[in-house]
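To keep things clear, I will list the structure first and then write my remarks on it.
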Amino acid sequence: MNGSFKSALVTGAASGIGRATAFLLAETGHRVLCSDISKKGAQEVASGICAQGADAIAVKADVSDPAAVDKMVQKIIGWTGRLDVVIANAGIMEEGGLLDVSLEQWNRVMQVNATGAFLTAKATLPHLIDTKGSLVFTASTVGLSGMKGVAAYSASKGAIVALTRQLAADFASDSVRINAVAPGAVRTPLSESQFRARARDDSHFEELLEAVIQRYPLSRWGTTKDIARTIAFLASEQSSWITGQIIPIDGGLLEIR
Ligand SMILES: NC(=O)c1ccc[n+]([C@@H]2O[C@H](COP(=O)([O-])OP(=O)(O)OC[C@H]3O[C@@H](n4cnc5c(N)ncnc54)[C@H](O)[C@@H]3O)[C@@H](O)[C@H]2O)c1
């Protein structure tokens with residue numbers, strides 16, 4: 001296998017930020033394994049990429065299942081013989097502050113978001129060492145600052161923030177770079193379900209969506225492309241001296257008052 005292409009694996013690739021990232025990595029010359037718990041969704045994204053003349057395949061994998069994660073990695077190594085870029089992006093959201101969230105919800109969010117990130121990193125790092133590759137996690141602004149009513153989710157994203165710094169320290173001597181993006185509010189099925197859960201009815205749902213915009217200095221929702229562009233930058237040689245960073249992409253939310 002020659003080194004004229006790069007090989008990328010994206011988890012949570014069927015929708016939202018992962019989908020946009022899979023397309024962007026394909027546009028920038030990567031062969032992309034689109035992985036998701038939704039087989040159909042992953043296949044649709046891979047087919048869309050192939051229809052644009054790039055290379056992609058799909059795999060169904062639940063990131064909280066170690067055997068499925070190992071199979072996912074075998075699939076891309078079997079296909080391209082190498083792994084240069086890993087985007088550990090799959091995630092779920094459960095509404096609820098500490099007194100509302102059940103142990104079951106807490107465990108599920110931690111299993112997918114935190115353990116899923118851990119398992120993806122553990123299975124892929126040996127291959128990233130071979131290529132001196134790049135791993136990018138999807139954290140969140142709520143992993144860096146408090147937000148009312150999302151206890152399990154924010155704890156899971158805080159775990160990703162700490163894991164990013166820890167792994168960056170552990171693998172810097174192997175020339176593997178490990179960073180995270182911390183998106184603010186982006187219109188995707190995940191964020192819409194959060195506001196659906198809070199809304200009394202359709203018009204309240206629209207009001208809640210509108211109210212988000214008021215909180216952001218740049219006065220708009222983030223787009224999946226806003227996030228994908230920074231992920232692709234962190235995956236590329238253009239960020240060759242950046243590791244251990246958590247980069248907020250948040251329309252100024254965390255730093256501007
Ligand atoms: N949308 C936002 O406002 C926002 C903000 C900050 C961080 N994030 C993070 O961005 C990431 C992507 O979210 P999104 O907004 O694009 O949501 P999304 O719901 O559009 O996409 C998430 C994808 O992850 C997949 N997924 C869910 N559970 C999985 C599992 N166990 N194994 C494999 N795949 C699974 C889903 O099928 C879906 O395709 C998540 O980690 C999320 O926490 C989103």
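Counting starts at 1 for both ligands and their atoms, following the listed order.
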Looking at [X] and [Y], would you say the former's side chain and the latter's main chain have a donor-acceptor pair under 3.5 Å?
{"X": "T243", "Y": "I178", "result": "yes"}
{"X": "R177", "Y": "L234", "result": "yes"}
{"X": "D36", "Y": "A13", "result": "yes"}
{"X": "W221", "Y": "L209", "result": "yes"}
{"X": "T80", "Y": "I77", "result": "no"}

Out of [options], indicate the one that has the non-hydrogen atom closest to [atom].
{"atom": "atom 28 (N) of ligand 1", "options": "V212, I92, T224", "answer": "I92"}
{"atom": "atom 41 (O) of ligand 1", "options": "T21, V69, T138, N89", "answer": "N89"}
{"atom": "atom 22 (C) of ligand 1", "options": "A228, G143, G91", "answer": "G91"}

Which of the numbered atoms in ligand 1 are below 4.0 angstrom from a heavy atom of P183? 5 (C), 6 (C), 7 (C)
With a cut-off of 4.0 Å, which atoms of ligand 1 are near a heavy atom of G16? 16 (O), 20 (O)
Check whether any heavy atom of [X] sits under 4.0 Å from an atom of ligand 1.
{"X": "Q111", "value": "no"}
{"X": "A139", "value": "yes"}
{"X": "T11", "value": "no"}
{"X": "A61", "value": "yes"}
{"X": "A13", "value": "no"}
{"X": "G116", "value": "no"}
{"X": "A185", "value": "yes"}

Does ligand 1 come near enough to [X] that some N or O of the ligand is less than 3.5 Å from an N or O of the residue?
{"X": "S140", "answer": "no"}
{"X": "G18", "answer": "no"}
{"X": "T188", "answer": "yes"}
{"X": "I37", "answer": "yes"}
{"X": "S38", "answer": "no"}
{"X": "Y153", "answer": "yes"}

Starting from [atom], what is the nearest protein heavy atom, named by residue and atom, and what distance separates them?
{"atom": "atom 32 (N) of ligand 1", "value": "V63 N, 3.0 Å"}
{"atom": "atom 31 (N) of ligand 1", "value": "D62 OD1, 2.9 Å"}
{"atom": "atom 3 (O) of ligand 1", "value": "V186 N, 2.8 Å"}
{"atom": "atom 13 (O) of ligand 1", "value": "L190 CD1, 4.0 Å"}
{"atom": "atom 16 (O) of ligand 1", "value": "I17 N, 2.8 Å"}
{"atom": "atom 18 (P) of ligand 1", "value": "S15 OG, 3.6 Å"}
{"atom": "atom 38 (C) of ligand 1", "value": "D36 OD2, 3.5 Å"}
{"atom": "atom 4 (C) of ligand 1", "value": "G184 O, 4.0 Å"}

Check: I17 and P183 side chains under 4.5 Å, non-hydrogen atoms: yes
Do L144 and V142 have side-chain heavy atoms sitting under 4.5 Å apart? no
Distance-only donor-acceptor pairs under 3.5 Å for side chains of residues 47-61, two or more places apart:
residue: S47; atom: OG; partner: Q43; partner atom: O; Å: 2.8
residue: D55; atom: OD2; partner: R31; partner atom: NE; Å: 3.4

Working for salt bridge (Lys or Arg N to Asp or Glu O under 4.0 Å), residues E95 and R198: CA-CA 8 Å; E95 266 286 288; R198 288 182 184 183; 2.8 Å; yes
Does only the side chain of K157 get under 4.0 Å from ligand 1, or the backbone, or both, or neither? Count heavy atoms. side chain
Roughly how far apart are H127 NE2 and L135 CG, rounded to 0.5 Å? 13.0 Å
Taken to the nearest 0.5 Å, the spacing of L254 CG from I249 CD1 works out to 11.5 Å
Does R196 form a salt bridge (Lys or Arg N to Asp or Glu O under 4.0 Å) with D202? I'd like the steps, not just the answer. CA-CA 8 Å; R196 273 275 168 225; D202 282 355; 3.1 Å; yes
So side chain to side chain donor-acceptor pair (under 3.5 Å) across residues 130-150, not counting sequence neighbours, yields N89-T138
Between D70 and Q74: side-chain donor-acceptor atoms closer than 3.5 Å: no
Scan side-chain atoms only and decide if R187 and T223 contain a donor-acceptor pair under the 3.5 Å cut-off. no
Using a cut-off of 6.0 Å, state whether more than 12 heavy atoms not belonging to E255 lie near its atom CD. no
